[in-house]
Amino acid sequence: MLGNEAFARGLYEAGCKVVSSYPGTPSTEITEEAAKYDEIYAEWAPNEKVAMETALGASIAGARTFCGMKHVGLNVAADPLYTASYTGVNGGMVIAVADDQGMHSSQNEQDSRHHAIASKVPMVEPSDSGECKDFVKQAFEISEQFDTPVIVRMSTRVAHSQSSVEMLDRNEPALKEYEKNPKKYVMMPAFAKGRHVFVEERTKKLIEYAETSPLNRTEISDKAEFGVITNGAAYQYVKEALGEKASVLKLGIVNPLPEKLIQDFAAKYEKVYVIEELDGIIEQHCRNIGVTNIQGKEIFGCIGELSQTIIAEKLLGVKNEFTALSEEVPMRPPVMCAGCPHRGLFYCLSKNNITVSGDIGCYTLGAVAPLFAVDTVVCMGASISGLHGFNKVRGAESEHKTVAVIGDSTFMHSGMTGLVNIAYNNSNSTVIILDNSITGMTGHQQNPTTGKNLKGDPAAAVNLEELCKAIGIKRVRVVDPYHLAETEKAIKEELAADEASVIISRRPCALLKHVKHNPPVAVNNDKCVGCKMCMKLGCPAISFRDGKAVIDHTQCVGCGICQEQCKIGAIN
């Protein structure tokens, strides 16, 4: 199984009843797989904060619950997380956070262990698919035993790699009784002070538990030249690279960390290496408890992923040899798909030299060649709020030359409040909502605007036009980004207006199965003059050979943008 699939199996076997998440690579498949079990109620929430609050509410009601997100999603859910640490749980509550070492699909490389430490919530970390399933089940037990949410830290490699998993039957625990208890669940100052005392006492008990928990284990080798303390995916790299040359202390509980277990292991060896991805959290803990014969980040650094090759080279001086290819393989840059509805809009923005406050999603690719249309990307929803701040500083100079772009799912996630801010504070700003009828970049998940829920059943659909008007935006218009002239006209007119406005660029994602495409277009070589105007669109279906444009009919979806771009009619 994939790690994410095994995680979902763990939810099923542990008797989890409620799952509420927001999609985010590399965590998405956990919830998609959980939704396949009829015994589990599963949903996509509008954002991670709502998901965690839903899971906490279901836990207080007495059920075992789960919410999942990627690392930056935990930033959004931090508000309920830190207080849920105080309230504790009723039914067990497990939270998945998937870190993205190497930033394969993320805007930063944060280490989520910091959130576990700061919120004083226990965190466990599996290193393969089998452990994903088993650690989830153990996390529910820890949650209920110690009255706490438990975070399971995933990584891109563990989430998306495969290993064997033993499938067992579902354990269906009885729904726990709910008892009214304001001192536990009402976090006003008078009650929260008492719960803080509980949290500190709980941490002491969890440290004791970590000393003997089977989730932490030592693997002693008679041939060991040194010791290694490691966790997560790094454990797999250590075992493959070092073999019997190292004894290993594998930490499955990464918060709180044990003390005596580490001290006793380190005392056996003259040299001990702490091998962990991203920040030196285990290493610093070792130093804090008096373990000084260690090395870590001065060797391996705190940036990017580790690997078998890196570990073997750093510790053994072994350099792997690779077979060189006879020809240099060209880079394949990230690019919007052929027929992507965002391409036409970004071309119009780039053509008119408009400053663009960008957001998280497929449309982030508008920042790369040849469009270079996006100026800033920070986090979900920041495009709209950032545009407001930018315009308040630069005034009319930017108001008529700057826009925000945001996807339909991201708008529902955290863009609405930014638009409220624009309306409420009388900001002359233009926002473009890129409505492609799906949550695109994470693999086509439903969202509150699509009219379907996680299982594909009919659901209430938010009307973006009416919502924007209800927020206080009077100027709202819809364009089809496949029609360049119409789109460019709308952008110019809304930017020229002296009040806030919203343009909804509406066209379904070209990869949706139900979308019917036009026949592919082709280039008439006799007419083509090699002006390369079509190449400015950055469509992967268009290339240039022997002085002429060439269109790959296997990729082309007949969107017609290049036809409109070609002023001599060579594309038909």
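- Between the side chains of Asn447 and Thr449, a donor-acceptor pair is found at a separation under 3.5 Å.
- Under 3.5 Å, the side chains of Ser105 and Thr25 contain no donor-acceptor pair of N or O atoms.
- For the residue pair Asn4 and Glu32, no side-chain donor N or O sits within less than 3.5 Å of a side-chain acceptor on the partner.
- No side-chain N or O of Glu564 forms a donor-acceptor pair with one of His483 less than 3.5 Å apart.
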*Please test Lys492 against Glu488 for salt bridge (charged side-chain N to carboxylate O under 4.0 Å, His left out), starting from the C-alpha separation and ending with a verdict.*
CA-CA 6 Å; Lys492 288 180 177 179; Glu488 186 172 359; 3.4 Å; yes
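- A donor-acceptor pair shorter than 3.5 Å cannot be found between the side chains of Asp375 and Thr355.
- Residue Asp457 places its CG atom among more than 12 non-hydrogen atoms of other residues, nucleotides or ligands, all under 6.0 Å distant.
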*Test log, rule salt bridge (charged side-chain N to carboxylate O under 4.0 Å, His left out), inputs Glu465 and Lys469*: CA-CA 6 Å; Glu465 296 95 306; Lys469 291 176 181 177; over 6 Å; no
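- Under a cut-off of 6.0 angstrom, the local environment of NE2 in His517 is crowded, with over 12 non-hydrogen atoms contributed by other residues, nucleotides or ligands.
- Annotation: side chain of Lys49 is in contact with side chain of Glu53 (closest heavy-atom distance under 4.5 Å).
- Aromatic ring pairs are classed by plane angle as parallel below 30°, tilted from 30° to 60° and perpendicular above 60°; the pair Phe66 and Phe7 is tilted.
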*Report the C-alpha distance between Arg113 and Glu276 in whole Å, list the side-chain angles of each, state the deciding distance to 0.1 Å, and finish with yes or no for salt bridge (charged side-chain N to carboxylate O under 4.0 Å, His left out).*
CA-CA 12 Å; Arg113 290 178 294 174; Glu276 55 186 321; 2.7 Å; yes
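- In this structure, Lys532 forms a cation-pi arrangement with Phe544, its terminal cationic atom sitting closer than 6.0 Å to the ring centre and no more than 45° off the ring axis.
- Under a cut-off of 6.0 angstrom, the local environment of NZ in Lys536 is sparse, with at most 12 non-hydrogen atoms contributed by other residues, nucleotides or ligands.
- With hydrogens and angles left out, the side-chain atoms of Thr430 and Glu494 include no donor and acceptor closer than 3.5 Å.
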*asked:* Evaluate Glu305 against Arg157 for salt bridge (charged side-chain N to carboxylate O under 4.0 Å, His left out), listing each step before the verdict.
replied: CA-CA 9 Å; Glu305 290 183 291; Arg157 294 303 174 194; 2.6 Å; yes
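- Residues Thr410 and Asp359 bring no donor and acceptor atom of their side chains to less than 3.5 Å of each other.
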